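Written out below as structure tokens is the structure these notes cover.
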Amino acid sequence: MKRTTKMLIAAMAVVLGVVIGTVLMVQSQSESLGEDTIRAMVTDRYSGQIRTIETEGSNYIVHVEDDGFEYEITMDREDGRITAMDSRKIAVEEAAEGSTETEGAEKTPEDETTEASVEDTTEEPTEESAEKPAVQVTEAEAKALALEEVGGQFVHVALNEEIHPAEYQVIQLVEDDDEGALVSIDAQAGEVTKVLWFSIDFEDITDIEAFAQELQNYNTQYQNNYYIEFDNDSGTDTKNGEDTDAENDMEDDDD
């Protein structure tokens, strides 16, 4: 009888121990921090993106990816203390896979807002810049084309990029000291588009840049082979009312 009583007491003690252990385990688990709390703690302390959170015994194992590195952070489940941290560099292949997975994942409203802000700040090429090709003809080539077109001696060259296509305007002293030509050359196609003839005593030109600008203004008003005769004595200029061939004008002057 005594032996049976001892066995019964021993069995009850084992059962009681199991019950107490179970209660302690449940209580411990109920007091441990949840994954949402751990995620918030890691996000607050570190930059980067949390990939996974795993439970391992009394710890959480958090994997964070940031700037080409992966960090493995071990945190106590009860109080969130960091007990260990390891890092490794991510291979290019892994980073590409991670990027693909991120693209395929469902986007949150915050992600969409961020993407929208990035798209808004991206400058798209304007219509003017898209239609304005680079200058293809060099200044030396433009001067050579002007020389071939009217001959004479080079005086001045300017590139006008305010118009489309851009245009070189070359001034040549063609004959003696008072016959000249303004040759307009397409800076993309490398072709002579207009020749404006004029008569002026080049020795009286004190500011070649200002004179070139004046010729440019006339160039926008008159057609090809128009002839201008500057009257330096009166400070004014007179222009033929009709487009004429420059050689004929020169012959008339000789007469």
Side-chain angles (χ1 to χ4, degrees), residues 116-255:
S117 63
V118 171
E119 291 176 359
D120 291 341
T121 56
T122 302
E123 295 184 1
E124 295 183 357
T126 62
E127 183 177 350
E128 181 180 355
S129 62
E131 294 180 356
K132 189 175 182 181
V135 173
Q136 301 294 328
V137 179
T138 66
E139 184 176 293
E141 291 171 334
K143 291 164 65 175
L145 287 170
L147 178 62
E148 181 181 354
E149 181 72 17
V150 300
Q153 179 182 346
F154 167 76
V155 176
H156 181 269
V157 62
L159 175 62
N160 185 2
E161 295 185 277
E162 300 301 321
I163 60 176
H164 176 74
E167 186 177 80
Y168 281 106
Q169 294 182 338
V170 184
I171 299 177
Q172 292 284 118
L173 173 60
V174 179
E175 183 176 327
D176 297 329
D177 293 330
D178 59 357
E179 296 289 346
L182 177 68
V183 184
S184 300
I185 299 170
D186 188 317
Q188 275 79 52
E191 299 175 351
V192 175
T193 58
K194 185 191 296 186
V195 177
L196 187 70
W197 299 90
F198 61 89
S199 173
I200 189 172
D201 190 342
F202 276 78
E203 294 181 356
D204 293 335
I205 301 175
T206 57
D207 188 341
I208 188 62
E209 294 290 344
F211 180 68
Q213 182 62 49
E214 186 176 3
L215 282 180
Q216 179 177 327
N217 294 336
Y218 287 134
N219 194 44
T220 60
Q221 301 176 39
Y222 301 105
Q223 301 299 317
N224 188 37
N225 285 330
Y226 199 88
Y227 191 90
I228 303 173
E229 183 175 354
F230 290 90
D231 185 355
N232 292 307
D233 294 334
S234 62
T236 60
D237 58 66
T238 57
K239 298 171 285 294
N240 291 352
E242 299 178 356
D243 292 346
T244 59
D245 183 86
E247 294 182 358
N248 294 333
D249 291 326
M250 294 176 188
E251 291 176 359
D252 294 339
D253 290 341
D254 292 337
D255 295 337

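Atom set for the values below is all heavy atoms of this structure, side chains included, hydrogens, waters and symmetry mates excluded. Remember, predicted model here, so these are calculated numbers, not experimental data.
- Atom CD of residue Q216 and atom OG of residue S184 lie 8.5 Å apart, to the nearest 0.5 angstrom.
- Nearest heavy-atom pair, A142 versus V170, reported as atom, atom and distance to 0.1 Å: O-CG2, 4.1 Å.
- Paired with V155 under the rule side-chain contact (heavy atoms from CB on, under 4.5 Å), one option of V174, I208, I205 passes, and it is I208.
- Between F211 and F198, the gap from one ring centroid to the other is short of 6.0 Å.
- Residues Y227 and E179 approach most closely at OH-OE1, 3.0 Å, considering heavy atoms.
- Here CG of L215 is found 11.0 Å from OG1 of T220. Values are rounded to the nearest 0.5 Å.
- The distance from atom CD of E162 to atom CG of L159, rounded to the nearest 0.5 Å, is 10.0 Å.
- Judged by distance alone, the side chains of Q221 and N217 never bring a donor and an acceptor atom under 3.5 Å apart.
- Residues Q188 and P165 approach most closely at OE1-CB, 2.7 Å, considering heavy atoms.
- Residue T138 holds its OG1 atom at 9.5 Å from NZ of K143, rounded to the nearest 0.5 Å.
- With no hydrogens or angles considered, a side-chain donor-acceptor pair links E167 and Q169 at under 3.5 Å.
- One distance of note links CG of L182 with CH2 of W197; it measures 11.0 Å at 0.5 Å rounding.
- The shortest non-hydrogen separation linking G152 to L147 is O-CD1, 3.3 Å.
- In this structure Q153 satisfies the side chain to side chain contact (heavy atoms under 4.5 Å, CB included) test together with L173, sequence neighbours excluded.
- Rounded to the nearest 0.5 angstrom, Y168 OH and L145 CG are separated by 10.5 Å.
- Looking at every heavy atom in both residues, V195 comes nearest to A181 through CG1-CB, 4.1 Å.
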Output, in order, the C-alpha distance, side-chain angles, deciding distance and verdict of side-chain hydrogen bond (donor to acceptor under 3.5 Å, both in side chains) for Q172 and H156. CA-CA 7 Å; Q172 292 284 118; H156 181 269; over 6 Å; no
Please test I200 against D178 for side-chain contact (heavy atoms from CB on, under 4.5 Å), starting from the C-alpha separation and ending with a verdict. CA-CA 5 Å; I200 189 172; D178 59 357; 6.0 Å; no
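- The shortest non-hydrogen separation linking A146 to I185 is N-CD1, 3.9 Å.
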